[in-house]
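Have a look at the structure below, then the notes.
Every chain is numbered from 1, with letters handed out A, B, ... down the list of sequences. Note: hydrogens, waters and symmetry copies are ignored here, and every other heavy atom, side chains too, is used.
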Number of protein chains: 2
Amino acid sequence: MKLKAFLNDYGRRVTYERGEHVFHQGDLDCFLYVIECGVLKAYYGASDGKERVKSFLLRGDIIGSLKSILTTDGCRFNLVCLDDCSLLKIEFDVLYKKSRDDLELSHEIIDFLIEFGLKKETREYEFLCLSPEERYLELLKKTPHLFDLVSQNEIAHYLGITPVGLSRIKKRVQSK
Amino acid sequence: MKLKAFLNDYGRRVTYERGEHVFHQGDLDCFLYVIECGVLKAYYGASDGKERVKSFLLRGDIIGSLKSILTTDGCRFNLVCLDDCSLLKIEFDVLYKKSRDDLELSHEIIDFLIEFGLKKETREYEFLCLSPEERYLELLKKTPHLFDLVSQNEIAHYLGITPVGLSRIKKRVQSK
DNA sequence: CATAATTTTTAACTTGGGTTAATGCCTAAA
DNA sequence: TTTAGGCATTAACCCAAGTTAAAAATTATG
């Protein structure tokens with residue numbers, strides 16, 4: 001797997017302690033990060049102090065801010081470690097340029113991006129078509145282990161609801 | 001632009017009349033479609049007859065079901081023409097295979113997919129962080145011309161609310 | 001172990017959007 | 001110009017989730 005090999009060869013290992021941020025909203029951060037170990041949370045911080053969780057990142061996942069990479073606006077979200085974490089950090093541009101004369105590498109990037117697109121479409125579908133309760137049940141079915149890794153608080157913010165709301169949904173669901 | 005050239009060379013022109021479907025939910029359709037002219041609507045049809053609009057497609061846009069291309073589940077959404085339309089139809093697999101030994105083509109696909117990812121992330125952001133009213137205002141700001149092309153009914157379903165809800169939001173907003 | 005801090009639950013109250021149905025508006029066809 | 005069908009608005013009522021605050025449960029820490 002050329003992409004994995006590339007990330008290993010060119011990546012610089014960085015470690016963070018639980019609670020540390022990899023980057024903040026507004027930062028210009030044009031790196032890709034591969035999670036070697038630990039759990040991370042990518043989240044949008046609203047002006048009113050509310051937070052919304054874009055995604056949780058686990059071992060093997062790749063994360064970076066497309067916004068920061070493609071525009072001069074900086075990151076739209078924050079990336080924070082929920083555990084002590086070890087990441088591989090690679091400048092996006094280096095990978096991008098390398099792919100320009102490496103056919104195999106560029107294929108693997110295409111495959112990665114297609115998978116990424118499908119995931120994003122699925123999340124779009126869930127927000128567009130499912131109620132908070134249905135999204136909760138779906139998450140429970142698809143990634144039950146997530147509930148052991150992060151607080152219910154954070155699950156709620158991932159589902160786009162408040163912790164109070166999630167507590168009520170749980171109660172309603174189990175009484176069925 | 002090699003991708004455009006490819007789509008033109010290998011694409012087959014197909015035309016549909018207003019109201020015709022290009023494909024339905026559940027169909028196995030592994031084509032990409034480039035919109036030459038006309039307006040189309042990609043939508044999820046819920047079991048209870050409710051519909052939710054995934055996206056509107058305009059001249060120059062490219063659409064296809066990643067789900068159908070990548071899995072055996074078939075399309076998750078419907079694609080229907082809101083006008084008489086002319087499309088270019090290309091088997092995804094032909095493009096994919098061609099990219100396997102064409103570096104320039106594969107770069108352009110990467111660039112396309114990155115842009116696509118950014119768009120999807122933006123829509124995710126809007127559902128996660130904005131209220132229906134805020135999503136309406138955002139749409140009004142970003143693509144005001146859309147309101148001339150499709151009914152308010154369809155705009156509502158794109159925003160994830162009912163036509164009644166959108167009517168109320170409009171009224172509330174203009175009285176501010 | 002005790003206590004502080006955080007997370008989760010519960011309660012009371014508010015609210016925005018859903019639902020249903022009636023009404024008014026357009027536009028297209030006859 | 002009428003009439004029929006679809007679209008948008010309005011009204012009345014309902015309900016799920018938000019908000020605020022307090023209590024209970026869990027987890028961390030000295």
Side-chain angles (χ1 to χ4, degrees), chain A residues 17-20 39 41 43-53 56 80-84 126-140 144 146-176, chain B residues 17-20 39 41 43-53 56 80-84 126-140 144 146-176:
Chain A
E17 290 181 17
R18 174 193 173 85
E20 271 191 286
V39 179
K41 173 176 76 170
Y43 69 101
Y44 298 102
S47 49
D48 53 1
K50 306 287 155 53
E51 81 169 48
R52 296 277 118 138
V53 175
F56 297 106
V80 67
C81 299
L82 302 180
D83 282 321
D84 291 355
E126 288 169 350
F127 277 119
L128 192 55
C129 298
L130 305 183
S131 68
E133 179 172 328
E134 288 169 323
R135 292 202 293 275
Y136 165 70
L137 291 171
E138 194 63 29
L139 189 65
L140 205 56
L146 192 62
F147 291 77
D148 305 326
L149 298 176
V150 307
S151 75
Q152 189 171 306
N153 225 301
E154 286 161 330
I155 298 266
H157 290 137
Y158 176 77
L159 293 172
I161 58 179
T162 62
V164 177
L166 179 52
S167 179
R168 275 193 292 237
I169 286 171
K170 276 179 66 182
K171 196 180 176 186
R172 193 195 312 150
V173 162
Q174 72 194 102
S175 76
K176 278 181 184 168
Chain B
E17 290 181 18
R18 174 193 174 86
E20 271 190 287
V39 179
K41 175 177 73 170
Y43 70 100
Y44 298 101
S47 48
D48 53 1
K50 305 289 153 55
E51 82 169 48
R52 295 278 118 137
V53 174
F56 297 107
V80 66
C81 298
L82 302 181
D83 282 322
D84 291 355
E126 288 170 350
F127 278 119
L128 192 56
C129 298
L130 305 182
S131 66
E133 178 172 329
E134 288 169 324
R135 292 203 294 276
Y136 164 70
L137 291 171
E138 195 63 29
L139 189 65
L140 205 57
L146 191 62
F147 291 77
D148 305 326
L149 298 177
V150 305
S151 74
Q152 191 170 303
N153 225 300
E154 286 161 329
I155 299 266
H157 290 138
Y158 176 76
L159 293 172
I161 59 179
T162 62
V164 177
L166 179 52
S167 179
R168 273 192 294 237
I169 286 171
K170 276 178 67 182
K171 195 180 178 188
R172 193 195 312 149
V173 162
Q174 71 193 105
S175 76
K176 279 182 184 167

### Task
With sequence neighbours left out, write down each residue that passes side chain to side chain donor-acceptor pair (under 3.5 Å) with Tyr43(A), or none if nothing qualifies.
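So Tyr43(A) forms a side chain to side chain donor-acceptor pair (under 3.5 Å) with His21(A).
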### Message
If the condition is side-chain contact (heavy atoms from CB on, under 4.5 Å), which residues does Cys129(A) pass it with, not counting sequence neighbours?
### Response
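In terms of side-chain contact (heavy atoms from CB on, under 4.5 Å), with neighbours along the sequence ignored, Cys129(A) is linked to Tyr125(A), Tyr44(B), Arg52(B).
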Measuring to OP1 and OP2 of [N], would you say a side-chain N or O of [X] lies under 4.0 angstrom away?
X	N	answer
Asn153(B)	dG6(D)	no
Gln152(A)	dT26(D)	no
Lys171(A)	dT9(C)	no
Arg168(A)	dA11(C)	no
Lys170(B)	dA8(D)	no

Does some side-chain heavy atom of [Y] sit less than 4.5 Å from a side-chain heavy atom of [X]?
X	Y	answer
Val173(A)	Leu140(A)	no
Arg135(A)	Leu139(A)	no
Phe56(A)	Leu146(A)	yes
Val150(B)	Val53(B)	no

Using atom [atom1] of [X] as one end and atom [atom2] of [N] as the other, report the distance to the nearest whole Å.
X	N	atom1	atom2	answer
Ile169(A)	dC15(D)	CD1	C1'	13 Å
Asp148(A)	dT7(C)	CG	P	17 Å
Leu149(B)	dC7(D)	CG	P	15 Å
Leu166(A)	dA16(D)	CG	P	16 Å
Glu133(A)	dG18(C)	CD	P	17 Å
Glu51(A)	dT7(C)	CD	P	10 Å

Without placing hydrogens or testing angles, list every side-chain donor-acceptor pair under 3.5 Å for residues 153-160 of chain B, not counting sequence neighbours.
residue   : atom : partner   : partner atom : Å
Glu154(B) : OE1  : Ser151(B) : N            : 3.3
Glu154(B) : OE1  : Ser151(B) : OG           : 3.3
Glu154(B) : OE2  : Lys41(B)  : NZ           : 3.2
His157(B) : ND1  : Asn153(B) : O            : 3.3
Tyr158(B) : OH   : Arg123(B) : NH1          : 3.4

### Message
For a quick test of reading the model, state the closest non-hydrogen atom pair linking Val80(B) to Gly19(B) and the distance between them.
### Response
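Reported closest heavy-atom pair: CG2-O, 3.6 Å.
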### Message
I'd like to check the salt bridge (charged side-chain N to carboxylate O under 4.0 Å, His left out) partners of Lys170(B); sequence neighbours left out, ordered by chain and number.
### Response
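Partners of Lys170(B) under the salt bridge (charged side-chain N to carboxylate O under 4.0 Å, His left out) test: none.
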### DNA chain D-proximal residues of residues 154-164 of chain B, any heavy atom under 4.0 Å
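Going residue by residue through residues 154-164 of chain B, the ones with a heavy atom under 4.0 Å of DNA chain D turn out to be Val164(B).
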### Message
Within the 4.0 Å heavy-atom criterion, would you say Ser151(A) contacts the bases, only the backbone, or no part of the nucleic acid?
### Response
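Answer is sugar-phosphate: Ser151(A) comes under 4.0 Å of backbone atoms only.
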### Query
Which nucleotide in the list dT19(C), dT9(C), dT19(D) gets nearest to the side chain of Lys50(B)?
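So the nucleotide nearest the side chain must be dT19(C).
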### Query
Can you tell which of dA16(D), dG16(C), dT9(C) lies closest to the side chain of Arg172(A)?
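It is dA16(D).
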### Estimated bend of the helix from dC1(C)-dG30(D) to dA30(C)-dT1(D) (axis per five terminal pairs, rounded to 10 degrees)
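So the angle between the two local helix axes works out to 40°.
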